[in-house]
Every structure is written in C-alpha cells, then in structure tokens.
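Contents: one structure, followed by commentary.
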Amino acid sequence: MEIIVASAVGVLTAGGVYLLLRLRTFPVILGLALLSYAVNVFLFASGRLAIDQSPILSKYGEASYTDPLPQALVLTAIVISFGMTAVLVMIGLASYLEADTDRIDLDDTREGEDA
Amino acid sequence: MSAGGHFLFLIALLPFVGALLPGLMIRAGRTVCAWTAAVPTALALVMLLILAPAVLRGEVITAEIEWLPQLGLSASFFLDGLGLLFACMITGVGLLITLYARFYLSGDDPMGQFYTYLLLFQGAMLGIVISDNILLLLIFWELTSLSSFLLIGYWKHLPEGRQGARMALAVTGAGGLAMIGGMLILGSIAGSYNLTDILQAGDAIRASEMYLPALILILLGAFTKSAQFPFHFWLPHAMAAPTPVSAYLHSATMVKAGVFLMARMWPVLAGTDAWFYIVATTGLVTMVLGALIALFKDDLKALLAFSTVSHLGLLTMLLGFGTEAAAVAAVFHIINHLTFKAALFMTAGIVDHETHTRDIKRLGGLRHLMPVTFVIGTIAALSMAGIPLLNGFISKEMMLEEASHTVWAGSPYAVPVLATLGALLSVAYSLRFVFHVFMGPVRDDYPHKPHDPPFGMWAAPALLATLVVVIGVAPFLAEGIVTAAANAVTGADLHPHLYIWHGVTPALFMSIIAVAGGAVLLLMHRPLDAAWIKAPRPEAKAIFDRLIAGAVALSRSVTEGAHNGAISRYLAIFTVASVTLGYIAYRGSGLSAPTRELLVVPPVIAVGWVMLIVATVAVVTMHHNRFRALVLIGIIGLSISAGFVYLSAPDLALTQISVETVTIMLLLLALHFLPKETPKESPIGLKLRDGVIALAAGAGVGGLAWAFLRRDIETISGYHIANSYEGGGGTNVVNVILVDFRGYDTYGEIIVLGIAGFLIYALMHALLDGPAARRLKNMDYSQDRSRDRHPLMMVVVTRVLMPIAIVVGAYIFLRGHNQPGGGFVAGLVVAIALLMQYMASGFAWTQERKRIEYHTMIGLGVVIAGLTGVGAWFAGQPFLTSAYTYVHLPPIEEFELATAMLFDLGVFLTVLGAVMLMLYSLSRIARFAGETVNEGPMDYDPGANVAEETATEGR
C-alpha cells in the first residue's frame with residue numbers, strides 16, 4: 001500500500017511541476033492543482049497509513065485510531081488550496097482580458113509574436 | 001528601576017510622540033509649528049536637568065521594561081555621565097536649531113515636515129545615548145541613519161540633496177549592518193545584551209578569540225557614522241541639506257554617534273594593541289587629511305564639513321590612545337567642538353542666507369556689513385583654530401600633550417609631528433574662514449546685498465559663541481560634567497582639572513608652531529590653491545559611484561538571470577534548488593532501517609491507482625485540449641477521495657469530493673473566457689529540460705514519502721485522541737482538532753479564505769472598470785452557447801434537490817462534532833446546492849432570489865467565530881476555549897450543545913460565503929460579456945411552443 005501512495009505522490013508532483021513550468025496560464029493552474037493534490041496526500045501520509053481505523057472515537061471500548069492531526073491540517077489545506085486556485089484563476093483571467101494573451105511572460109519582445 | 005527612571009522612558013518617547021505634532025500644527029502657522037517642535041525637546045532637556053545633579057554625583061539612573069526576554073531584548077535605559085553629556089547636547093542644540101530653522105527656512109519649504117524629521121532624528125539619537133540594551137541601541141542606530149536620510153534629502157528638488165542622502169544612507173547603513181554583527185558577537189561573549197553587563201565583562205571580551213572580529217565590525221559601524229577615513233566622503237555630500245540640519249548633524253549628533261559608541265565601548269574594547277593601531281591611526285590620518293582638504297574648499301559648508309571630519313579624527317585618535325587622560329581630553333573636546341562647530345555652521349548659514357552664496361572666493365569684507373555675524377563667526381573660528389582664552393585652545397593643548405608622549409610602532413615622533421601638522425592645518429583653514437569671508441575690502445559684486453539677520457537667527461549662534469568664551473576663560477565650570485562623562489567612559493574615578501595655562505610643555509611649543517605655521521600657510525594660500533587644483537587626486541564620490549554602479553550591475557544581472565518576467569523561470573530555479581537541498585540533506589544523514597510492516601494492496605485499490613496514474617500522465621500529455629484536461633483532473637480528484645475513504649480519513653474524503661466539484665465548476669467558468677486550446681509552442685529542448693526537472697522533483701518527493709511511510713514516529717496525536725471526548729466533547733477527533741485544539745489556526749484559515757473571496761471580487765470589479773471591459777463587450781460567444789441554456793430536466797431536478805441538499809448540509813454540519821462532517825464540508829455542500837441553481841436556472845433568476853449578500857456571509861462567519869472565541873474570556877478562559885453540555889428536549893434524543901458548534905457555524909458561513917463570492921464574481925463577468933437575462937427559469941417555454949405548433953397546424 002505504501003508504495004502506491006508514495007508513487008502516486010511522486011507522479012502527481014512530477015506532473016504538477018511539469019505543468020507549472022508551461023508558458024500559458026491555464027496549464028500553470030492545472031499544474032498547481034496537481035501539485036496541491038500531491039502536497040495534500042503527502043501531508044496526509046505523514047501520519048502514516050492505516051486501514052479501518054478512522055479517528056472517530058468508538059463507543060465500544062478500546063480501539064486503535066489513525067493519526068488525526070495530519071487529517072485536520074490537510075482538511076483546511078484542501079479548502080485553502082481551493083481559495084488559492086480561485087485567486088490564481090481570477091488573476092490569470094484578468095491578465096488575459098487585459099493583455100489579450102495568456103502567456104505567462106508578458107515580455108514586450110515576445111508579445112509581438114503572439115499577436 | 002532607580003529613582004527618576006520613569007523620566008528616562010519619557011525622554012526616549014517624547015521626541016517620537018512630539019514628531020507627530022509639527023506636521024499637523026503647521027496649519028496653525030510657522031511660529032506655532034516651531035513652538036510645538038520646541039516643547040518636547042525642552043521638556044526632555046528639563047527632565048535631563050532634573051536628573052543631572054544625581055548623575056554628576058556619580059549615580060547611574062536606570063529603567064527597564066522586559067520586551068522580548070527570549071531574545072535578550074528589553075527596553076532598558078540608563079543615564080550616566082556620558083549619556084547625560086550627549087543627551088544634553090542633543091536636546092540643547094536641538095532647541096537652538098529649532099529656533100534657528102524657524103528663521104532660516106523659507107516660506108516655500110514644508111516646515112512641518114522638517115520639524116517632524118528633526119524630532120524623529122533627535123529621538124533616535126537620544127535613544128542611542130541612553131540605551132542600556134545593545135539590541136535597542138542598534139534599533140536607534142538604524143533609526144538615525146533613516147531619519148538623517150530624510151533630513152539630508154529634505155530639499156527633494158535638489159539632485160545633490162537626493163544623492164547626498166542616498167550616499168549617507170548607503171555608507172552609514174552598511175556600517176550599521178557590520179555593527180549589528182559585531183554587537184551580536186559581543187553579546188554572545190558577555191552572555192548578555194545589556195550594556196551594563198557587557199561593560200563589566202571587559203577582560204573576558206578582550207581575551208576572547210572573537211574579540212578582533214567583533215572589534216572590527218563595531219568599528220566599521222562607528223567609523224562610517226563618524227566619517228572616518230576612508231568612509232569620510234559621505235559627510236561633505238550631506239552638505240546639500242539645509243544648514244540647520246548640517247549644524248545639528250555635524251556638531252552634536254549624527255557624526256558624534258560613532259564617537260559616542262567608541263567612548264561607550266572604551267572600557268570593553270580599548271587598551272589592546274589592535275584597538276590602538278586601528279583607532280588611533282585611523283583618527284590621525286582622518287584628522288590630517290580632513291584638515292588638508294578643508295583648507296582648499298571654497299564652499300563655506302564644505303570647508304566646515306571637512307573640518308568636522310578632521311575634528312572627528314582628532315576625537316577618534318584620542319579615544320584610540322587608550323589612556324585615561326586622553327579620554328578626558330576627548331570628552332572635553334566633544335563639548336568644545338559642539339559649541340564652536342554649531343556656531344560656525346549657523347554663521348555659514350547666515351552668510352549664505354544674506355549674500356546668496358557660500359563661495360569663499362566671492363565673499364570678503366563682510367565685517368562692515370554684518371558686524372554681529374562677524375563677531376560670532378570670528379570667536380567660533382578662532383576657537384576652532386585653538387587660540388588662547390577660547391575653549392578650543394584648552395582641549396587642543398590637552399590633545400597635543402597626549403600626542404607628544406605617544407609612541408607609534410616604536411617611533412616617538414610620528415604621532416606628535418602629524419598631530420602638530422593637523423593642528424597647523426586646522427589653524428590655517430579657521431583663519432581662512434575669518435579672513436577670506438569677513439576681512440578685506442567690501443566688495444560690490446555680492447549676489448545679494450548682505451546685512452545682519454533678525455535677532456532670532458543670530459540668537460542661537462550668539463549663545464554658543466558666549467559658551468565658547470565662558471568655557472575658554474573659566475574652564476573649571478565644565479569640570480563637573482567632564483568628570484562625570486570621563487568617569488563613565490573610563491570606568492575609573494578621575495578628578496581631572498582643566499586649566500588655561502598648562503605651563504611650558506612640549507604641547508605649548510607644538511601649539512605655537514601650529515598657529516605660526518597656520519598663519520604662514522594662509523598667507524601662501526593663493527599659490528598653494530592653484531597647485532592643489534592642478535594636482536591629480538582621487539575623487540571619493542567618483543569611486544563611490546563606480547562601486548555603486550558595479551553593485552547595481554551585479555544585482556541586476558543576478559535578478560534578471562533569475563527573474564526574466566516568466567514565472568516558469570523562477571519556479572524552475574526554485575524546484576531545482578529545493579530538490580538539490582533535499583538531496584544534500586539525504587546524503588548528509590542517511591536513513592535508519594525501516595520499522596513498519598507494509599500493508600497489502602487489495603485489487604480495487606490497485607485499479608484506482610492505475611486510474612490515477614493514467615489520468616495524471618494523460619493530463620500532462622494532453623493538456624493542450626483544456627476541456628479534456630479538466631475531465632482528467634476530475635478523475636484524479638475522485639481517485640484521491642476514494643483513497644482517503646480507504647485510508648481511514650472520511651472527513652478528508654468528504655472535503656476533497658466537494659472541493660473537487662467547486663474547483664471544476666470554477667475552472668469551467670474561467671475556461672469560458674480563456675482560449676480552449678493551449679498552443680504547442682514549447683521547443684523540444686524546453687520540454688526536455690522541464691521534464692527532467694519534473695521527474696527529479698517527483699522522484700524526490702515520492703522517495704521521501706516512501707522513506708517515511710515505512711518508519712514509525714513519535715506523534716502528539718495521542719493527546720488529541722485521549723482528550724477529544726473529555727476535553728472537547730466530541731468523538732470526531734479531526735473535527736475537535738479543527739474547532740477546539742487548533743481552533744486558532746482554523747480561525748486564521750477562514751479569514752484567509754474570506755480575504756481570498758474579497759480579493760477575487762475586487763479583482764473582478766477592477767477588471768470591469770478597465771480596458772478589459774471593452775474587450776469583453778465585443779467578445780462573440782455565440783458559438784459556445786447552447787440553444788437551450790436551461791434544460792427543463794435540469795431545472796426541475798435541481799429545484800427538487802435544493803431542499804434535500806440543504807437538509808443534507810444541515811445534517812453534516814450538526815453531526816460534525818461526533819461523526820465525519822462539520823462546518824467546512826457543510827459549507828461546501830450548501831455552496832454546491834446553490835451553484836446548481838445558478839447553473840440550472842440562470843444567473844439572473846437565482847440572483848433575484850438571493851436574500852443575503854455573500855460579503856455579509858463572510859463577515860458574519862468571521863465575526864461569529866471570533867465572538868465565540870471571545871466568549872471564553874468571560875468565563876475566565878483563554879481565547880477559543882470551548883465548553884459543552886448535554887441537553888434533553890422531550891421528543892428528541894438527548895443531544896450535545898458545544899460552543900465549538902457556534903465556532904463551526906462561523907466556519908460554515910465563511911466557507912459558504914467565500915466559495916459563492918468567488919464563483920459569483922466569475923459569473924458576473926459573463927453577464928458583462930453580453931449574456932442575456934432569462935425571463936423565466938427556462939429560455940425555452942414548451943407550453944408556448946406547443947401552442948404555436950398547434951396554431952400552425954390548424955392553418
């Protein structure tokens with residue numbers, strides 16, 4: 001199971017980083033989304049993996065639980081990363097509408113090539 | 001805190017508080033403004049005078065408030081003889097400058113600003129001289145650099161003013177940085193940042209191997225501030241400041257700060273060979289060089305500036321000698337230099353003000369036209385030259401006396417000869433100030449017909465000139481303060497006596513040589529001047545400018561290399577750097593053996609993993625088709641949610657799946673306006689490079705995850721699990737952590753989310769007011785548009801679903817404390833329910849039925865969460881402590897009420913409001929882009945159509 005999670009994190013990171021390095025806003029946003037998944041799963045996994053041990057206290061006596069702290073941190077991280085994506089989307093949109101190009105390097109010399 | 005200690009806080013605070021007033025009071029007139037600037041200064045001076053008798057008796061007044069004890073930083077002040085001397089000089093001259101500037105500044109100058117800067121500067125200087133904590137001292141030290149920058153650049157319209165201010169800031173600021181390093185070393189050797197402790201630890205510090213680095217760093221700070229060679233060049237350029245500023249900075253304050261620091265650190269740092277050779281030599285060189293340049297300056301203020309450099313060199317040299325008698329001489333000369341130099345600067349200012357020139361070659365004969373100014377200027381200048389019966393004479397004799405028996409590197413002549421040469425040059429330029437400005441025939445080509453200024457303008461220099469004479473005739477009057485200050489510097493119990501007549505000593509002969517030689521030099525000034533102008537010499541400003549240009553070019557090439565305007569460049573740099581650092585750390589420490597058993601992989605999970613990997617690879621390879629990429633992103637998100645379910649994280653699964661939904665909606669909305677395809681434009685080389693970087697990053701992060709997943713750790717979560725029910729009243733530990741254990745974090749996070757919502761709203765408005773609005777209006781979206789935007793099935797289903805979704809949301813919210821759910825998830829679920837209405841029935845239709853603004857919702861959420869936290873205060877608990885109880889209402893089962901739920905309600909409202917505001921803002925743009933408003937819930941009325949068709953058939 002561990003290798004599955006670790007490899008998923010690795011692949012998501014690689015994909016996210018590759019897309020982050022693209023030259024248009026939309027792939028960058030997608031890359032950020034992938035990277036957010038990777039980071040969230042990574043943080044979650046820092047509590048180690050556990051199956052059938054939800055951090056819900058049992059009414060029926062002693063039971064073992066998974067680490068709840070990373071889960072709480074990741075929960076807010078998921079919501080915040082949505083907020084961050086939204087801001088980025090809005091900025092990307094605004095720059096596209098203002099500049100008429102969605103390139104990420106608004107260089108004077110390069111803009112001409114697009115137009 | 002000793003008696004009178006509270007005065008120290010007031011003295012330190014008054015100028016800063018007072019600095020707020022002149023800027024406002026200028027509306028009441030210039031005189032009122034000057035008064036408001038004078039009052040805090042005068043009050044501080046009065047308080048100092050109240051404390052003075054005790055200090056003169058040898059007491060030390062202290063005051064301390066703990067500030068950041070963990071850092072060793074406390075707001076502690078102390079006043080000893082040295083501090084008192086400097087503080088009185090700063091406030092006393094400050095008062096005189098305030099008066100002088102009232103008459104000096106013209107009606108066009110913003111006087112309020114001037115006094116505000118002046119008081120800021122004064123406060124910073126006072127802080128330096130009464131700080132007991134060296135960290136606090138450093139703060140004030142930097143403040144003087146900053147406030148003097150404002151003062152020097154006060155005439156913003158003059159390029160020299162701006163350049164001079166920049167240069168002063170660069171030089172003194174750089175020195176300040178060095179000094180921070182030195183002070184920190186000093187503090188770590190002494191084990192305390194309090195000066196009083198450090199002053200006790202002199203032996204330990206001098207014996208430490210870090211002594212030399214600390215000494216050099218601290219001296220760099222002192223030398224740059226006090227304009228010692230080779231850092232002397234900033235001071236003459238700071239002359240572009242208005243004359244009151246020059247008079248203040250160069251006599252009593254700024255440049256004396258370095259001297260003060262050397263005096264303050266004297267018991268700790270002085271007495272070693274390193275100290276003697278660095279400090280005394282620098283001082284000696286500066287003294288001679290400054291005096292030499294001063295002699296050939298035609299600008300009155302430049303002459304005085306270089307003479308200041310020279311006298312600072314003299315003081316530095318005296319402190320560098322490291323003997324107690326030299327320290328006494330230094331302290332006494334500090335007072336004398338203050339009196340004559342401030343008077344001279346003000347005289348120069350008066351001459352400039354009256355004749356409209358400061359060029360000595362255009363002046364002369366002013367004694368007939370400006371007799372009062374002449375008398376003041378002559379007394380002060382003769383004191384600077386060291387003529388008997390004036391105070392400059394006495395301290396110069398003491399300096400020469402000390403110099404006469406100082407041996408430098410085995411030579412008994414080097415120091416006395418050079419000191420005499422310095423004194424000689426000093427006589428020459430002082431006499432030049434008198435003879436070339438005031439003596440000689442009256443000229444008829446002054447740029448402006450001069451006459452004596454009003455009383456207010458010459459009152460201050462006259463008072464100083466009086467002091468020059470009084471101390472010169474009756475030096476024993478100054479013995480009290482000199483003794484107190486010298487004892488504070490040396491830490492010894494000295495009883496120096498100041499006499500006019502020292503008897504026939506070597507110093508007397510040196511003095512006679514100096515005066516005679518100086519007079520001769522002045523007589524030969526014309527040919528010497530011609531030779532000086534012809535002689536090639538290094539221009540400090542040009543060297544400085546080249547240095548700065550080089551530094552700028554270097555920084556620019558680094559900056560532009562890293563930031564070429566494309567985010568991909570610096571993200572790549574960042575990624576490579578992080579991976580490299582991670583790799584280095586891994587290589588450095590290695591890994592322990594794995595301790596955990598691996599879990600088995602069931603087939604379903606393996607299938608999910610394959611889906612996730614395939615989808616990720618597909619996003620990367622097919623991202624050019626943006627819609628397809630979005631669908632794939634959705635698959636990834638769902639796979640991860642499923643993974644969370646399997647790995648015992650139900651809360652995360654719920655959150656992930658609902659966030660996934662809104663994210664996709666958001667991206668879809670954005671894609672409406674963006675191009676639908678990403679052009680294939682990256683060259684293969686770039687793709688390859690990015691691919692390698694991405695694979696390295698992926699391998700690094702994946703490897704890290706793999707490494708720690710197989711090893712156990714100590715966690716603090718046992719506490720959370722054990723106390724979740726007893727302390728927080730909930731069985732869902734994740735939710736209890738969110739709303740209780742780590743409630744403060746959550747509070748911060750919902751605020752961030754709310755701000756993100758407002759940010760998007762604001763961006764949307766800015767966008768619609770800008771040029772983008774025109775582009776939006778002209779966009780043609782007819783190709784994208786469905787003919788049936790609001791299909792019947794969708795409208796009906798979403799409306800039926802609405803109440804159900806709300807109930808589900810409420811359920812998830814209410815059970816959140818004990819079962820998976822809570823404010824975050826509930827907020828997202830309700831947001832999705834509302835978004836469905838927007839999508840199905842149209843923006844306008846839904847907007848009409850909205851009762852509460854989303855902004856209000858965010859605000860309300862944050863306020864409710866905050867108030868819940870504040871509520872704990874009333875129960876005498878810290879912020880956000882929760883309380884709970886069980887309630888039994890007959891028809892319902894017993895249930896729990898916790899304040900944490902109220903907090904969760906705040907979370908719920910903020911999340912809902914923020915998500916809605918974000919998507920609402922994006923759809924608002926669509927309305928602007930010409931999307932029509934639907935009259936009813938559906939664009940397409942089936943009833944109307946049927947009626948129409950029947951009508952057609954009937955025909």
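Just so you know, these numbers come straight off a predicted model, no measurement behind them. All chains are named by letter (A, B, ...) in the order of the sequence lines, taking the proteins before the strands, and each is independently numbered beginning at 1. Just so you know, these numbers use all the heavy atoms, side chains as well, and skip hydrogens, waters and symmetry mates.
- Residues E749(B) and V79(A) form no side-chain contact, since every pair of their non-hydrogen atoms from C-beta on lies 4.5 Å or further apart.
- The closest side-chain heavy-atom distance from L75(A) to F824(B) is below 4.5 Å.
- For a residue to count as touching a neighbouring chain, one of its non-hydrogen atoms must lie under 4.5 Å from one of that chain's; by this rule L630(B) touches chain A with the side chain only.
- Put simply, the side chain of S648(B) gets close to the backbone of A50(A): a donor and an acceptor are under 3.5 Å apart.
- Counting only heavy atoms from C-beta outward, the side chains of V915(B) and F82(A) approach each other to under 4.5 Å.
- Neither the backbone nor the side chain of E677(B) comes within less than 4.5 Å of any heavy atom in chain A.
- From E2(A), atom CD reaches atom CG of L599(B) across 4.5 Å, with rounding to the nearest 0.5 Å.
- F644(B) touches chain A through its side chain: at least one heavy atom from C-beta onward sits under 4.5 Å away, while N, CA, C and O do not.
- At least one side-chain heavy atom of L69(A) sits under 4.5 Å from a side-chain heavy atom of I716(B).
- Between chain B and the residues N40(A), L30(A), V9(A), the most heavy-atom pairs under 4.5 angstrom are made by L30(A).
- Counting heavy-atom pairs closer than 4.5 Å to chain B, the top-ranked of the candidates I56(A), V17(A), V41(A), T13(A) is I56(A).
- A salt bridge links E681(B) with R103(A): at least one charged nitrogen is closer than 4.0 Å to a carboxylate oxygen.
- Residues R24(A) and P679(B) are in side-chain contact: their nearest non-hydrogen atoms beyond the backbone lie under 4.5 Å apart.
- Separation of the F673(B) and Y96(A) ring centroids does not fall under the 6.0 Å cut-off.
- A distance below 6.0 Å separates the ring centres of F42(A) and F708(B).
- Inter-residue side-chain proximity for L34(A) and I633(B) is flagged as met; some heavy-atom pair is nearer than 4.5 Å.
- Smallest separation of non-hydrogen atoms from A14(A) and A694(B): O-CB, 3.2 Å.
- Interface summary for chain B: among A94(A), P70(A), G15(A), the most heavy-atom pairs under 4.5 angstrom belong to A94(A).
- Ranked by non-hydrogen atom pairs under 4.5 Å with chain A, the options R689(B), H720(B), H624(B) are led by H720(B).
- Minimum interatomic distance between L97(A) and A772(B) (heavy atoms only, all atoms of both residues): CB-CB, 3.6 Å.
- Across M1(A) and V601(B), no two heavy atoms sit closer than the pair N-CG2, 3.1 Å.
- Looking at S46(A), both its backbone and its side chain come within 4.5 Å of chain B, counting heavy atoms on both sides.
- For the side chain to side chain contact (heavy atoms under 4.5 Å, CB included) criterion with V89(A), the lone passing option out of L669(B), I760(B), L667(B), L671(B) is L667(B).
- In this structure, no portion of N735(B) lies under 4.5 Å from any heavy atom of chain A.
- Note that OG1 of T616(B) and OH of Y18(A) are 15.0 Å apart. Values are rounded to the nearest 0.5 Å.
- For chain A, the nearby parts of Y725(B) are the backbone and the side chain; heavy atoms of each come within less than 4.5 Å.
- Among the candidates Q53(A), R48(A), E98(A), the residue making the largest number of heavy-atom pairs closer than 4.5 Å to chain B is R48(A).
- Per-residue heavy-atom pair counts under 4.5 Å with chain A were compared for V736(B), L753(B), L828(B), and the maximum is reached by L753(B).
- Closest heavy-atom contact between V734(B) and P55(A): CG2-CG, 3.6 Å.
- No part of A914(B) comes within reach of chain A, as not one of its non-hydrogen atoms sits under 4.5 angstrom from that chain.
- Contact count against chain A (heavy-atom pairs under 4.5 Å) is highest for K687(B) among R710(B), M764(B), K687(B), R742(B).
- With a 4.5 angstrom heavy-atom cutoff, V74(A) touches chain B via backbone and side-chain atoms both.
- With a threshold of 4.5 angstrom between heavy atoms, L19(A) approaches chain B through side-chain atoms but not through N, CA, C or O.
- Per-residue heavy-atom pair counts under 4.5 Å with chain A were compared for V752(B), I613(B), I713(B), I755(B), and the maximum is reached by I713(B).
- Both the backbone and the side chain of V662(B) come within contact range of chain A, judged by heavy atoms closer than 4.5 Å.
- In this structure, I640(B) and L12(A) have side chains that are in contact, with non-hydrogen atoms separated by less than 4.5 Å.
- Atoms CZ and CG, on R569(B) and L21(A) in that order, are 11.5 Å from each other to the nearest 0.5 Å.
- Taking chain A as the reference chain and counting heavy-atom pairs below 4.5 Å, the highest number among T575(B), D651(B), L922(B), L763(B) is found for L763(B).
- Contacts between I721(B) and chain A at a heavy-atom distance below 4.5 Å involve backbone atoms as well as side-chain atoms.
- Contacts between V701(B) and chain A at a heavy-atom distance below 4.5 Å involve backbone atoms as well as side-chain atoms.
- In summary, the side chains of S7(A) and W706(B) do not present any donor paired with an acceptor at a separation below 3.5 Å, with no hydrogens or angles considered.
- For T715(B), the part lying under 4.5 angstrom from a heavy atom of chain A is the side chain only.
- Of the inter-residue distances, the one linking I91(A) atom CD1 with L767(B) atom CG reads 11.5 Å to the nearest 0.5 angstrom.
- Note that the OG1 atom of T85(A) and the CE atom of M918(B) stand 9.0 Å from one another [nearest 0.5 Å].
- Rounded to the nearest 0.5 Å, atoms NE2 (H623(B)) and CZ (F26(A)) are 10.5 Å apart.
- The most heavy-atom pairs under 4.5 Å with chain A, out of T663(B), V911(B), I605(B), come from T663(B).
- Between R626(B) and D102(A) there is a salt bridge, with a side-chain nitrogen of the basic residue lying less than 4.0 Å from a carboxylate oxygen of the acidic one.
- When each of V5(A), D52(A), I80(A), I78(A) is checked for heavy-atom pairs under 4.5 Å with chain B, I78(A) comes out on top.
- Defined by atom type and a distance below 3.5 Å, a donor-acceptor pair is present between the side-chain atoms of S682(B) and R22(A).
- Heavy-atom minimum distance, A86(A) versus L666(B): CA-CD2, 3.6 Å.
- Side-chain contact between D745(B) and T76(A) is absent, with no heavy-atom pair separated by less than 4.5 Å.
- In terms of heavy-atom pairs under 4.5 angstrom with chain B, the leader among I3(A), L20(A), I4(A), L93(A) is I4(A).
- In plain terms, the two heavy atoms of F44(A) and L647(B) that are nearest each other are CZ-O, 3.6 Å.
- Residue L759(B) touches chain A through its side chain alone, counting heavy-atom pairs closer than 4.5 Å.
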